[in-house]
Amino acid sequence: MSLPIVTVTRRLPRAVEERLALLFEARLSPDDRALGAEGLARALAESDAVVSTLGDPLTADVLGRTPRRARVIAQFGVGYDNIDVAAAAALGITVTNTPGVLTEDTADAAMLLLLAAARRASEGARELREGRWTGWRPTHNLGVRVSGKTLGVIGFGRIGRAVATRARLGFGMTVIAWSRSLSPAQGAKTGVTVVDDLDELLAQSDFVSLHVPSTAETRHLIDARRLSRMRPGAILINTARGDVVDEAALIAALRDGRLAAAGLDVYEREPSIPADLLALPNAVLLPHIGSATIEARTAMGLLAVDNLVAFFEGRPVPNRVA
Ligand code: NAP
Ligand code: GLV
């Protein structure tokens, strides 16, 4: 019996590629280059399944091209905003993602950005490497204390909760969260104050960390008006998706000093970063590495494989999103 053909759009950790090659006729990425719309349409036409990543534009147009052979897309990632899931569902294409296994590592990345932004770590490191550091002095590179401050978590799902736990237990922060689904009583059980008014969270927080997915509803959730509701000198952390924030408005708020700093892992038009953002000393910028540990990336790949195995064995897929 012939094995299902599985096209993998990017290089994956070795253990994952080996498992894919064992179980399927795996077409692994030869050069780790993004396939683009035409390459993806070809993959859908020639394979039974595609293992996609967040840079693959699986739009309604690409999904709807004929002929198409693929019946399942296993996204390597918890976010799947690159896939038009409504179009996939209408075409009978199953879509899966990889939740949970990257939660702790992504929460660590949010804390990394929070601490780096609070303590102006990027500025200090740059000064040192450029040979401009003149030695210890009492007023050099002063940041703000994290301990005892208030963190506002927007999107109280897996990663938002893991960040809240770190902030409360590790750094003695007070945490408030904005959630659609959690009641204040449920929040209280986790030591977090749940509010249903986003403006209230913004007005009360010294740090704000974003953990909602990118959807039509969350696009520019943090816009110029919401930025103006934040405390003067507050710090914004985004490890969710770039388009949750109006990047131009954020640049303006950082430039005029209304916000003290931002820590960003994600951008509106990745991998393109506005020159104005790159020029800001109070922006700590990482290249979308929230889940970039060998442990998380291997677990994500193996979970994507589990989803494919279940699909081809006719069992319910564990992480179905369409
Ligand atoms: P999750 O468990 O599904 O949590 C997302 C939360 O957002 C849920 O609590 C949900 O609230 C809330 N939410 C969704 N839509 C909302 C809306 N319109 N308004 C208000 N709240 C809304 O997901 P997760 O595993 O924590 O991941 C969150 C996101 O992080 C992913 O979607 C991805 O974009 C991003 N991410 C980035 C990296 C990185 O490398 N930087 C790594 C992993 C994930 P309800 O409970 O009320 O539905
Ligand atoms: C990474 O950004 C993911 O959504 O898994």
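Read the numbers this way: they start at 1 and go in the same order the structure lists the ligands and their atoms. Keep in mind the model is a prediction, meaning the values are calculated, not measured.
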Ion pair check, [X] and [Y], cut-off under 4.0 Å:
| X | Y | result |
| --- | --- | --- |
| Arg241 | Glu270 | no |
| Arg226 | Asp199 | yes |
| Arg65 | Glu38 | yes |

At what distance is the nearest protein heavy atom to [atom], and which residue and atom is it?
| atom | answer |
| --- | --- |
| atom 35 (C) of ligand 1 | Ala240 O, 3.5 Å |
| atom 46 (O) of ligand 1 | Ser181 OG, 2.8 Å |
| atom 4 (O) of ligand 1 | Gly157 CA, 3.3 Å |
| atom 36 (N) of ligand 1 | Thr239 O, 3.7 Å |
| atom 31 (C) of ligand 1 | Val78 CG1, 3.9 Å |
| atom 20 (C) of ligand 1 | Trp178 CZ3, 3.4 Å |

Out of [options], who gets a non-hydrogen atom closest to [atom]?
| atom | options | result |
| --- | --- | --- |
| atom 15 (N) of ligand 1 | Glu217, His211, Arg180 | Arg180 |
| atom 14 (C) of ligand 1 | Ala162, Pro213, Ser291 | Pro213 |
| atom 25 (O) of ligand 1 | Arg158, Arg241, Arg161, Arg219 | Arg158 |
| atom 26 (O) of ligand 1 | Asn97, Thr103, Ile159, Asp243 | Ile159 |

Legend entry - Interatomic distance, Asn97 atom CG to Asn319 atom CG [nearest 0.5 angstrom]: 6.0 Å

Inset, instruction - May I ask you to check whether Thr215 has an N/O atom sitting below 3.5 Å from an N/O atom of ligand 1? - result: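 The answer is no, given that Thr215 and ligand 1 share no N or O pair closer than 3.5 Å.
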
Inset, instruction - Report yes if Gly290 has an N/O atom closer than 3.5 Å to an N/O atom of ligand 1; otherwise report no. - result: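 N/O-N/O distance below 3.5 Å exists for this pair.
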
Legend entry - Val266, portion touching ligand 2 at heavy-atom distance under 4.0 Å: neither

What atoms of ligand 2 come within less than 4.0 Å of a heavy atom belonging to [X]?
| X | value |
| --- | --- |
| Leu102 | 5 (O) |
| Arg241 | 1 (C), 2 (O), 3 (C), 4 (O) |
| His288 | 1 (C), 2 (O) |
| Gly79 | 3 (C), 4 (O), 5 (O) |
| Val78 | 3 (C), 4 (O), 5 (O) |
| Leu54 | 1 (C), 2 (O) |

Against heavy atoms of [X], which atoms of ligand 1 measure under 4.0 Å?
| X | answer |
| --- | --- |
| Phe156 | 9 (O) |
| His288 | 39 (C), 40 (O), 41 (N) |
| Val212 | 7 (O), 13 (N), 21 (N), 22 (C) |
| Leu102 | 43 (C) |
| Asp265 | 39 (C), 40 (O), 41 (N) |

Inset, instruction - Could you give me the CA-CA distance, side-chain angles and deciding distance for Asp48 and Arg71, then say whether salt bridge (charged side-chain N to carboxylate O under 4.0 Å, His left out) is met? - result: CA-CA 6 Å; Asp48 300 294; Arg71 291 184 298 131; 5.8 Å; no

Just wondering, do [Y] and [X] contact through their side chains at under 4.5 Å, heavy atoms?
| X | Y | answer |
| --- | --- | --- |
| Phe312 | Val72 | yes |
| Pro99 | Val78 | yes |
| Val51 | Leu308 | yes |

Inset, instruction - Please answer whether the main-chain N or O of Thr139 pairs with a side-chain N or O of Arg137 as donor and acceptor at a distance below 3.5 Å. - result: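 Here the side-chain-to-backbone pair does not exist.
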
Taking all heavy atoms of [X] and all of [Y], pick out the closest pair and write down the distance.
| X | Y | value |
| --- | --- | --- |
| Asp265 | Ile289 | OD1-N, 2.7 Å |
| Ile176 | Leu201 | O-CD1, 3.7 Å |
| Phe156 | Ala177 | CD1-CB, 3.6 Å |
| Ala117 | Ile235 | CB-CG2, 3.8 Å |

Legend entry - Linked, directly or transitively: Val163 and Ile237 (ILVMFWY side chains, under 4.5 Å):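 Yes, it is one cluster - the side chains of Val163 and Ile237 are joined through contacts under 4.5 Å.
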
